Amino acid sequence: MKKITIAIDGYSSCGKSTMAKDLAREIGYIYIDSGAMYRAVTLYCIEAGLFNGKSICTDELKSQMDQIKISFKLDEQTQRPRTQLNGKDVEESIRTMEVSSRVSIIAALDFVREALVRQQQEMGRAKGIVMDGRDIGTTVFPDAELKIFVTASPEIRAERRYKELTAKGEKVNFEEILTNVKERDYIDEHREVSPLRKADDALLLDNSHLTIAEQKKWLLDKFQQAIQ
Ligand code: DC
């Protein structure tokens with residue numbers, strides 16, 4: 001059966017990653033979370049002391065980009081990939097509020113995007129891949145056979161994120177998360193390099209009021225149509 005490229009883009013915390021991971025597992029494709037790569041670079045910057053308050057030492061980061069190696073290792077138990085930064089498992093530490101509140105700054109840097117987009121295109125060379133992010137259908141894989149653009153209301157997304165973080169034991173405040181979701185939407189949509197936007201040929205999926213099962217069926221139907 002022919003293998004295709006599937007690009008899933010959309011707003012933060014609208015369940016893109018879970019959806020993309022489940023789809024990839026179901027159809028036997030590789031799954032790549034491109035947001036995890038921007039998060040890993042952000043974590044590197046925090047650990048290397050490259051942030052000065054909310055601003056970043058751009059020149060230092062530029063000179064250290066070659067030292068930042070990001071890869072994914074399959075978790076045998078869950079069958080899901082775990083993000084590795086310079087050989088260290090960072091799957092949990094890239095999902096904290098500290099990283100979330102700084103990642104948009106890193107994702108707006110053109111030289112970071114160029115380096116990560118190059119790696120993402122390399123990962124997708126053999127097709128049979130589901131990649132999720134913000135610019136996958138527009139910049140990384142403009143020729144992807146199936147493009148999905150996911151959205152949900154900011155309140156619903158903040159609620160999902162709140163539940164996810166409290167389940168992990170993080171002490172978080174709903175209003176703070178909602179503000180973070182809206183801020184990230186704004187920065188993602190308004191940055192100069194690869195702003196978040198729906199590719200003209202992407203299918204729109206608003207999952208505000210869809211169950212996981214309904215969403216899964218919708219996606220599998222679209223996948224079946226795309227491989228015909
Ligand atoms: O999907 P996420 O919340 O884990 O993404 C983290 C950040 O990275 C988010 O602020 C947007 C940015 N990002 C991006 O600019 N381009 C991508 N392809 C993926 C994520």
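Just so you know, ligand 1 is whichever comes first in the structure, and atom 1 is the first atom listed for that ligand. These figures come from a predicted structure and were not determined experimentally.
In this structure, Asp33 pairs ionically with Arg95, as a charged nitrogen and a carboxylate oxygen lie closer than 4.0 Å.
For the pair Arg102 and Phe51, the cation-pi test (distance below 6.0 Å, angle within 45°) is passed. Trp218 does not carry Lys216 over the face of its six-membered ring by the limits of under 6.0 Å from the centre and within 45° of the normal.
Residue Ala107 approaches ligand 1 through these ligand atoms, each under 4.0 Å from one of its heavy atoms: 12 (C), 15 (O). Residue Ser104 approaches ligand 1 through these ligand atoms, each under 4.0 Å from one of its heavy atoms: 10 (O).
None of Thr139, Val112, Asp110, Asp135 except one satisfies the side chain to side chain contact (heavy atoms under 4.5 Å, CB included) rule with Val193; the exception is Asp110. Here the rule is side chain to side chain contact (heavy atoms under 4.5 Å, CB included) with Ile68, and of Leu43, Leu116, Leu85 only Leu85 fits it.
Only the side chain of Arg191 comes within 4.0 Å of ligand 1, counting heavy atoms alone; its backbone N, CA, C and O stay farther away. Within the 4.0 Å heavy-atom criterion, the part of Asp188 lying near ligand 1 is the side chain and not the backbone.
Residues Ile8 and Phe149 have side chains not in contact (no heavy-atom distance under 4.5 Å, counting atoms from C-beta outward). Looking at heavy atoms from C-beta onward, Ser12 lies in side-chain contact with Arg157 at the 4.5 angstrom threshold. With a 4.5 Å cut-off on side-chain heavy atoms, Tyr44 and Leu50 count as touching.
Interatomic distance, CG of Asn180 versus CG of Asp185, reported as 9.5 Å (0.5 Å rounding).
For atom 20 (C) of ligand 1, the closest non-hydrogen atom on the protein side is Gly35 CA, 3.5 Å. For atom 19 (C) of ligand 1, the closest heavy atom belonging to the protein is Ser34 OG, 3.3 Å. For atom 4 (O) of ligand 1, the nearest non-hydrogen atom of the protein is Arg39 NE, 2.7 Å. The protein atom (non-hydrogen) at minimum distance from atom 3 (O) of ligand 1 is Arg184 NH1, 2.9 Å. Among all non-hydrogen protein atoms, the one lying nearest atom 15 (O) of ligand 1 is Arg113 NH1, 2.8 Å. Nearest protein heavy-atom contact of atom 2 (P) of ligand 1 is Arg134 NH2, 3.6 Å.
The shortest separation from a heavy atom of Gln120 to ligand 1 is not under 4.0 Å, leaving the residue out of contact. Heavy-atom distances between Met37 and ligand 1 stay at or above 4.0 Å for every pair.
The distance criterion of under 3.5 Å between nitrogen or oxygen atoms is not met by Tyr38 with respect to ligand 1. Any N or O atom pair closer than 3.5 Å counts here, and Asp132 shares no such pair with ligand 1. Close N/O approach between Asp135 and ligand 1 is found [any backbone or side-chain N/O within under 3.5 Å]. Remark: ligand 1 and Ser12 share no N or O pair separated by less than 3.5 Å (distance only, no angle test). Where the criterion is an N or O separation shorter than 3.5 Å, residue side chain and backbone included, Asp33 fails it with respect to ligand 1.
Not a single donor-acceptor pair under 3.5 Å links the side chain of Asp75 to the backbone N or O of Arg80. Looking at Asp132, its side chain never comes within 3.5 Å of a backbone N or O of Ala7 through a donor-acceptor pair.
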